There are 2 protein chains.
Amino acid sequence: MDKNIPEIYALLQDLSWYFGNQGFNSICCEELTLVEYMALKKVYDTQNITIHELGESLNVTKSGISKIIDRLENKSQVSREYSSTDGRVCCVVPTEKGKAEIHKISKRFSDYLYEILGDLGEESLQNIKDSLALLFMAIQEKGYIKPD
Amino acid sequence: MDKNIPEIYALLQDLSWYFGNQGFNSICCEELTLVEYMALKKVYDTQNITIHELGESLNVTKSGISKIIDRLENKSQVSREYSSTDGRVCCVVPTEKGKAEIHKISKRFSDYLYEILGDLGEESLQNIKDSLALLFMAIQEKGYIKPD
DNA sequence: TCTTATAGTTGACAACGGAAACTAAATATG
DNA sequence: CATATTTAGTTTCCGTTGTCAACTATAAGA
């Protein structure tokens, strides 16, 4: 195995800490937890996504995702709309408030990154973005790490 | 602001999900939660680190980190050693089992990454590593995102 | 029609981390 | 030296969270 791979792993793990719960909790995002934000983002990015699909996408059980959507709905960030073609299925859509929240949080973090990376040239930024995009696509295709 | 920055943020956030609790929980890591693993890794990487420093480093309150170390100690992954020069201070050191666990988890994730990235050439891997290292150093220097 | 599968919700439960109160040791001040 | 203050860490209480299992309801299959 290329010796770079364990180092890439270690860096990813450490970086993830900053963008995971620990970095996220203490922030401007007011009333959203990380998992709520991730769910909201997924709802925002995907038309008519079902609760079932949301759970799979976030690697949360169906009862877990149901409660996450409960909380988002109580906070008026999303609303449930039952499918007219399949009475079992519940689609989730973002409210206007939810859409605004997404933009706000994204901007907050982008500002933070800008303070950090603003000095780099566009070429470096492009390079970083390409590396991350490559990683993400590969990992998304592979799916979550599964138990042995 | 460079248009790449919001995209870098979005990619980092999504990647972090895979290396955060959601990706981590369902895995080979048996008896460790993510925050326990992060604490163990920090203990492993830092000689004679104190509980106080651990909490700061992981952005956890002192009561929180105290309990995390409790759990790691109950699992025989670390041990507390009170400082001889300052009776208040409690240094944490990894046990042999703890060291082995670090290697095991790191290998598990590296194997996963290898399945994903193994086809890339060394140059690409080096490039990804450099990008991540640059990001991580910058973010570490900046520290956790603070409330407004 | 009757059975089975699927989507989602609910209740009980345990894990987790924060706030505040607490102990104990070190340092500062007079 | 004596007392006050600061610092390190622990413990208790508590609210939040997500899972499991049981449940309802709708759809699909035999």
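A, B, ... follow the sequence lines: proteins, then strands. Residue 1 opens every chain. Keep in mind the model is a prediction, meaning the values are calculated, not measured.
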Sugar-phosphate means primed atoms, P, OP1 and OP2; the rest is base. With that split, encode nucleotides 20-30 of chain D 5' to 3' as B, S or - using protein heavy atoms under 4.0 Å.
BB----BS---
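Of the candidates Ile51(A), Leu54(A), Thr33(A), Val35(A), Val35(A) is the only one forming a side-chain contact (heavy atoms from CB on, under 4.5 Å) with Ile68(A).
When the C1' atom of dT9(C) is taken as reference, atom CG of Leu54(A) falls 16 Å away, rounded to whole Å. Protein atom CD1 of Ile51(B) is 15 Å distant from nucleotide atom C1' of dA25(C), rounded to whole Å. One atom, CG of Leu34(B), and another, P of dG18(D), lie 14 Å apart when rounded to the nearest Å. Between the P atom of dC16(C) and the CG atom of Leu72(B) lies a distance of 11 Å, rounded to the nearest Å. Taking atom CG of residue Asn21(A) and atom P of nucleotide dC16(C), one finds them 13 Å apart after rounding to whole Å. Between Asn59(A) atom CG and dG18(D) atom P the separation is 12 Å, expressed in whole Å. Atom pair Ile69(B):CD1 and dT10(D):C1' shows a separation of 13 Å (rounding to whole Å applied). Atom-to-atom, OH of Tyr82(A) to C1' of dG8(C) comes out at 7 Å; the value is rounded to the nearest Å.
For Asp86(B), the salt bridge (charged side-chain N to carboxylate O under 4.0 Å, His left out) partners at least two apart in sequence or on another chain are Arg88(B). Not counting sequence neighbours, Gln47(B) has no partner by the side-chain contact (heavy atoms from CB on, under 4.5 Å) test. With sequence neighbours left out, the side-chain contact (heavy atoms from CB on, under 4.5 Å) criterion links Asp70(A) to Lys67(A), Arg80(A). Remark: Phe136(B) engages no residue in a ring-ring contact (aromatic ring centres under 6.0 Å, His included) (not counting sequence neighbours). Here Tyr114(A) pairs with nothing under the ring-ring contact (aromatic ring centres under 6.0 Å, His included) rule; sequence neighbours left out. In this structure, the side-chain contact (heavy atoms from CB on, under 4.5 Å) partners of Glu7(B), at least two apart in sequence or on a different chain, are Lys129(A). Lys107(B) is linked by a side-chain contact (heavy atoms from CB on, under 4.5 Å) to Asp111(B), counting only residues two or more places apart in sequence or in another chain.
With hydrogens and angles ignored, the 3.5 Å screen pairs a side-chain donor or acceptor of Trp17(A) with a backbone N or O of Leu58(B).
At a non-hydrogen distance threshold of 4.0 Å, nothing from residues 38-49 of chain A comes into contact with DNA chain D.
For residues 40-49 of chain B, every residue pair satisfying the salt bridge (Lys or Arg N to Asp or Glu O under 4.0 Å) rule, not counting sequence neighbours, is listed here: Asp14(A)-Lys41(B). Screening residues 112-128 of chain B for salt bridge (Lys or Arg N to Asp or Glu O under 4.0 Å) gives Lys142(A)-Glu115(B) as the qualifying pairs, with residues at least two apart or on separate chains.
Set against dT9(C), dG9(D), dG8(C), the side chain of Cys90(B) has dG9(D) as its closest nucleotide.
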N/O to N/O distances under 3.5 Å, protein versus nucleotides 14-17 of chain D:
none

